[in-house]
Amino acid sequence: MEKTNDNKVKSVKSIGGFARQYPVIWNLILILITAIVLIWILLALLGVWTLHGQEDVVPDVRGLNYNQAENVLAKEGMSAEITDSIFESTIAPGTVVDQNPKNNSKVKPGRTVYLTIVAFSPKLVVVPEFVNVSMRQGISIFEGLGLNKVEVVKVPSEYKDLVLGARYNGLPLQSGMKIPTTATVIIEVGEGYEEEGEETENATDDI
């Protein structure tokens with residue numbers, strides 16, 4: 001027992017002697033040991049912080065309304081957030097049509113799932129300048145806004161096929177106005193006047 005204690009005392013003295021004899025090397029050894037311990041502690045804390053090794057599977061919430069999707073995700077320890085909406089007349093408003101991450105994806109607990117739902121009202125677009133262009137250009141302007149219901153009516157004017165105006169719900173349209181993409185727009189274009197020679201020729205044909 002005494003020999004063991006003597007050995008310990010000698011070891012301590014030798015370490016102390018080494019530290020006194022080589023202080024720079026001893027300090028470097030202490031710094032290295034401290035760095036290793038700190039790195040080990042940080043890795044352990046990081047594993048706890050990031051829930052290392054724990055994963056949840058994202059459920060499929062497409063086709064559910066937002067409240068249902070939120071409840072399903074909450075049961076799995078996840079949260080829901082709406083990031084986008086689209087208008088689709090054939091699907092009930094508020095229905096989830098897309099999600100990110102996708103269903104069956106493996107994620108960390110507490111993950112937020114971003115949802116795209118069907119909008120409760122159609123998208124509004126701003127009417128650009130459309131007067132005094134050709135009929136073809138006028139139709140292209142409105143169809144370019146996403147309007148699928150564009151009709152043309154002829155109105156008295158010497159300028160044939162020139163867009164003179166447009167109406168929505170019976171009211172005149174002006175540039176800068178906002179209308180839904182589901183709107184039916186009626187474009188008014190000039191019907192043009194027949195030239196005098198054409199009128200005489202038509203009268204002769206009638207005789």
Side-chain angles (χ1 to χ4, degrees), residues 58-73 78-105 111-206:
V58 179
D60 189 356
V61 295
R62 293 171 301 173
L64 304 178
N65 65 46
Y66 176 73
N67 290 333
Q68 292 173 330
E70 190 177 35
N71 291 334
V72 170
L73 292 170
M78 305 175 194
S79 59
E81 182 176 331
I82 299 174
T83 57
D84 197 9
S85 63
I86 61 172
F87 182 76
E88 176 55 66
S89 59
T90 61
I91 303 177
T95 301
V96 177
V97 292
D98 196 15
Q99 64 181 81
N100 184 30
K102 301 295 184 181
N103 58 300
N104 296 325
S105 298
R111 176 67 186 268
T112 298
V113 179
Y114 301 99
L115 307 177
T116 299
I117 67 169
V118 176
F120 288 88
S121 58
K123 178 182 177 182
L124 296 178
V125 292
V126 179
V127 177
E129 185 60 50
F130 61 90
V131 178
N132 294 328
V133 300
S134 69
M135 179 176 66
R136 181 178 297 179
Q137 287 177 308
I139 293 174
S140 296
I141 288 173
F142 285 104
E143 289 182 344
L145 297 174
L147 301 168
N148 297 320
K149 300 175 182 178
V150 181
E151 301 177 2
V152 175
V153 296
K154 299 284 187 176
V155 296
S157 172
E158 60 181 314
Y159 303 107
K160 186 175 182 180
D161 292 338
L162 184 71
V163 176
L164 303 174
R167 292 181 175 274
Y168 162 61
N169 278 351
L171 300 175
L173 272 181
Q174 296 179 351
S175 61
M177 294 178 63
K178 292 183 178 181
I179 60 175
T181 54
T182 55
T184 298
V185 173
I186 299 176
I187 299 177
E188 300 173 336
V189 300
E191 60 183 355
Y193 296 142
E194 293 182 343
E195 295 182 0
E196 184 176 349
E198 292 179 350
E199 293 178 355
T200 304
E201 183 179 347
N202 290 338
T204 303
D205 291 339
D206 290 340

Please check this pair: side chain of Asn169 against backbone of Leu171, looking for a donor-acceptor N/O pair closer than 3.5 Å.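 It does not hold such a pair.
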Sequence-distant partners of Tyr66, ring pair (Phe, Tyr, Trp, His ring centres under 6.0 Å), two or more places apart: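 None.
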Can you give the donor-acceptor pairs under 3.5 Å from side chains of residues 127-149 to other protein atoms, not counting sequence neighbours?
residue	atom	partner	partner atom	Å
Glu129	OE1	Ser175	OG	3.4
Ser134	OG	Gln137	N	3.2
Ser134	OG	Gln137	OE1	3.2
Gln137	OE1	Ser134	N	3.2
Ser140	OG	Arg136	O	3.0

How would you list, by chain and number, every residue that makes a side chain to side chain contact (heavy atoms under 4.5 Å, CB included) with [X], sequence neighbours excluded?
{"X": "Gln174", "result": "Met177"}
{"X": "Val58", "result": "Met78, Gln99, Pro101, Ser105, Val107, Val113"}
{"X": "Tyr159", "result": "Ser157, Leu162"}
{"X": "Asp98", "result": "Lys102, Thr116"}

Suppose we screen for salt bridge (Lys or Arg N to Asp or Glu O under 4.0 Å). Which residues come up paired with Asp60, at least two apart in sequence or across chains?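 Asp60 satisfies salt bridge (Lys or Arg N to Asp or Glu O under 4.0 Å) with Arg62 only.
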Might you point out which heavy atoms bring Val155 and Leu164 nearest each other, and give the distance in Å?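 For Val155 versus Leu164, the nearest heavy atoms are CG2-CD1, 3.6 Å.
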Non-hydrogen atoms of Ala183 and Tyr168 that approach each other most closely: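 Closest pair (atom of Ala183, atom of Tyr168, distance): CB-CE1, 3.2 Å.
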What residue pairs, at least two apart or across chains, pass salt bridge (charged side-chain N to carboxylate O under 4.0 Å, His left out) with a residue in residues 162-178?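 Output for this query lists Arg167-Glu188.
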Find the distance between OG1 (Thr181) and CG (Leu124) and round it off to the nearest 0.5 Å.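 Here the interatomic distance stands at 8.0 Å.
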Please report the interatomic distance CG(Asn71) to CG(Asn65), rounded to the nearest 0.5 Å.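 Between atom CG of Asn71 and atom CG of Asn65 there are 9.0 Å.
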Sequence neighbours excluded, which residues qualify as side-chain hydrogen bond (donor to acceptor under 3.5 Å, both in side chains) partners of Glu70?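 Glu70 satisfies side-chain hydrogen bond (donor to acceptor under 3.5 Å, both in side chains) with no other residue.
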How would you list, by chain and number, every residue that makes a side-chain hydrogen bond (donor to acceptor under 3.5 Å, both in side chains) with Lys123, sequence neighbours excluded?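 Lys123 satisfies side-chain hydrogen bond (donor to acceptor under 3.5 Å, both in side chains) with no other residue.
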When you compare the side chain of Pro59 with that of Leu73, does any pair of heavy atoms fall below 4.5 Å?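 Side chain of Leu73 against side chain of Pro59, heavy atoms only: contact under 4.5 Å found.
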Scan for side-chain hydrogen bond (donor to acceptor under 3.5 Å, both in side chains) pairs involving residues 87-97, sequence neighbours excluded, and state none if there are none.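 Listed once each, the pairs are Glu88-Thr90.
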